[in-house]
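Everything numeric in this text was worked out from a predicted model, so none of it was measured. Here is how names work: the chains are called A, B, and so on, in the same order as the sequence lines, proteins then strands, and each is numbered from 1. Heavy atoms only: backbone and side chains are in, while hydrogens, waters and symmetry mates are out.
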Amino acid sequence: MSTFSSLPQPNSRFFFASALSAILGIAVDRLVYLPLRKNNAPGLVFLLASFGVFIFIQNLLQLIYGAQILTLRTGPVVEGHQIASAVITDIQILILAASLILLAALWLVIDKTKMGKAIRAVADDTVGASVSGINPEKVILYAFGIGSALAGMGGVLVSLETNIEPTMGMNAILKGIIASIIGGIGSIPGAVLGGFSLGIVENLGIWKIQAGWKDTIAFAVLIIFLLLRPEGIMGKKTDRDKL
Amino acid sequence: MEVLRITNLSKTFDGVRAVDGLSFGVEEGAITALIGPNGSGKTVTFNLITGFYRPTGGEICFKDTNITRLAPHKIFNLGIGRTFQNIRLFPQMTVLENILLGLKYNSGESLLAAIFRTPSMLREEKENMQKAIALLKTVGMENKRDEMAENLSYGQRRLVEIARTLGTDSEFYLLDEPMSGIFPNMIPQLLSIIKQLRSSGKTVLFIEHNMKVVMDVSDRVVVLNHGKMIAAGTPAEIQANEAVLDAYMGKRRMRAS
């Protein structure tokens with residue numbers, strides 16, 4: 001049985017990456033989204049702007065590091081643990097454990113702290129939040145910081161398992177969106193359930209057919225959900241006319 | 001003493017003068033009604049006072065503070081609470097959570113307090129819970145405490161919004177049409193809540209179309225038309241005011257005479 005010695009030791013780079021991501025997220029909010037908010041831009045404009053930011057950062061990364069594939073792996077490759085007929089590596093266990101810890105922390109922040117309540121309030125009704133003494137701009141700043149830091153940590157965890165390249169984000173975005181739609185947008189347990197369901201369906205699917213069909217399976221699941229249950233597994237049916 | 005002083009306030013939207021050189025004051029500890037025909041600038045005035053609109057010109061002072069260009073949450077923190085004509089609740093939260101959000105928290109709910117469930121936090125949570133339930137009782141909504149706000153009727157949402165605003169423990173309350181959409185048997189209850197605010201030394205400014213309510217509860221009435229103040233005085237004075245009758249009924253009476 002192998003030990004966990006093959007794992008990269010928890011080092012400052014992990015925290016550096018998440019801090020840098022948080023700063024980047026806040027900077028993007030201040031430079032791009034804040035001016036749009038001030039002009040009361042509709043949601044579609046924010047979506048387009050976010051794609052603009054995405055393409056800009058992707059190209060910036062290519063300019064700095066080149067377009068080639070890099071690896072983050074330190075240490076030798078070690079055989080995984082056999083559980084029934086499946087194999088799980090130490091790194092995969094680490095990713096799973098780290099994700100669960102981050103998930104619990106996020107749930108605690110969103111559900112139990114005053115800032116979490118303020119984030120939910122601003123998401124629900126910015127004006128109502130203002131007359132409850134909440135500064136929406138401060139809350140948006142925190143939300144961008146928390147979200148971007150989590151994205152940075154997620155990026156580090158993913159790159160422990162796979163190669164990294166500047167364009168790797170697109171796949172994560174698409175799968176993230178599909179998972180959150182399946183799970184129910186706005187629900188943390190829903191996002192987890194959606195992510196796991198999507199991953200399991202994709203990988204069971206390519207067990208029988210070619211691996212190239214993985215994305216096709218993901219989109220097929222998305223289309224089925226959009227047609228039959230657009231609010232997702234955990235989402236509630238919202239009645240837009242009522243409010 | 002005046003708690004609020006508005007001086008030469010104006011707000012234009014693309015050339016439309018919604019509020020046009022408006023000046024008036026609100027007496028501390030009194031109930032003042034803001035009335036006027038539709039489109040006379042009442043709600044715009046509310047939005048200017050509470051910081052949701054930036055005035056084109058003029059000044060708003062709350063006690064000794066110039067609040068003309070402050071952000072809404074800062075104005076709220078000075079002690080000005082408000083309700084909205086088109087109710088602002090958090091639809092994805094329960095009725096109880098909506099009320100709790102308006103209450104003041106002292107020890108705060110930091111991440112550490114949430115993890116370790118500190119005694120001070122638990123005590124405060126319990127106190128706030130009792131306070132929230134008491135507030136819901138005053139508007140007769142305690143049996144809906146665990147209902148999602150989005151599932152309530154229009155009138156019920158208005159009552160919850162009023163309860164949330166009462167819970168903010170402000171000094172000065174601005175209520176935008178608090179009676180509209182309310183089931184008639186709740187109106188006396190709401191009137192007594194407003195009167196109770198006055199007897200505990202709070203100041204109330206409210207917009208209302210129901211003249212019976214206005215005349216019954218207010219100490220002073222301010223009448224707007226076309227963004228200007230056309231009259232101010234006691235309910236009795238306003239009822240006898242020629243300019244007010246013209247604004248509401250048109251000039252037909254003059255032509256007839």
Within-4.5 Å side-chain heavy-atom neighbours: A:Val131 and B:Arg88: no
Would you indicate whether B:Arg17, at its atom CZ, is surrounded by more than 12 heavy atoms from other residues, nucleotides or ligands within a distance under 6.0 Å? no
Honestly, the part of B:Glu97 sitting under 4.5 Å from a heavy atom of chain A is side chain
Smallest heavy-atom separation, B:Arg164 atom then A:Ser132 atom, equals NE-OG, 3.9 Å
query = Are there more than 12 heavy atoms of other residues, nucleotides or ligands under 6.0 Å from atom CZ of B:Phe13?
reply = yes
Tightest non-hydrogen contact, residues A:Ser130 and B:Phe76, listed as O-CB, 3.9 Å
Under a 4.5 Å heavy-atom criterion, the part of residues 134-142 of chain A in contact with chain B comprises A:Ile134, A:Asn135, A:Pro136
When rounded to the nearest 0.5 Å, the distance separating NE2 of B:His73 from OG1 of A:Thr126 is 13.0 Å
- Look at atom CZ of A:Phe56 and say whether more than 12 heavy atoms of other residues, nucleotides or ligands are closer to it than 6.0 Å. no
Notebook entry, point to check: Considering residues, nucleotides and ligands other than B:Phe183, do more than 12 of their heavy atoms fall under 6.0 Å from its CZ?
Noted result: no
Cut-off 4.5 Å, heavy atoms of chain B, and the answer for A:Ala118 is neither
CZ (A:Arg120) and CG (B:Leu101) are apart, to the nearest 0.5 Å, by 8.0 Å
Rounded to the nearest 0.5 Å, the OG atom of A:Ser187 sits from the CD atom of B:Gln92 at a distance of 10.5 Å
### Query
Would the number of heavy atoms belonging to other residues, nucleotides or ligands and lying under 6.0 Å from NZ of B:Lys74 be above 12?
no
So CG of A:Asp125 and CD1 of B:Ile87: to nearest 0.5 Å the spacing works out to 11.0 Å
Bottom line for B:Phe84: the part with an atom under 4.5 Å from chain A's heavy atoms is side chain
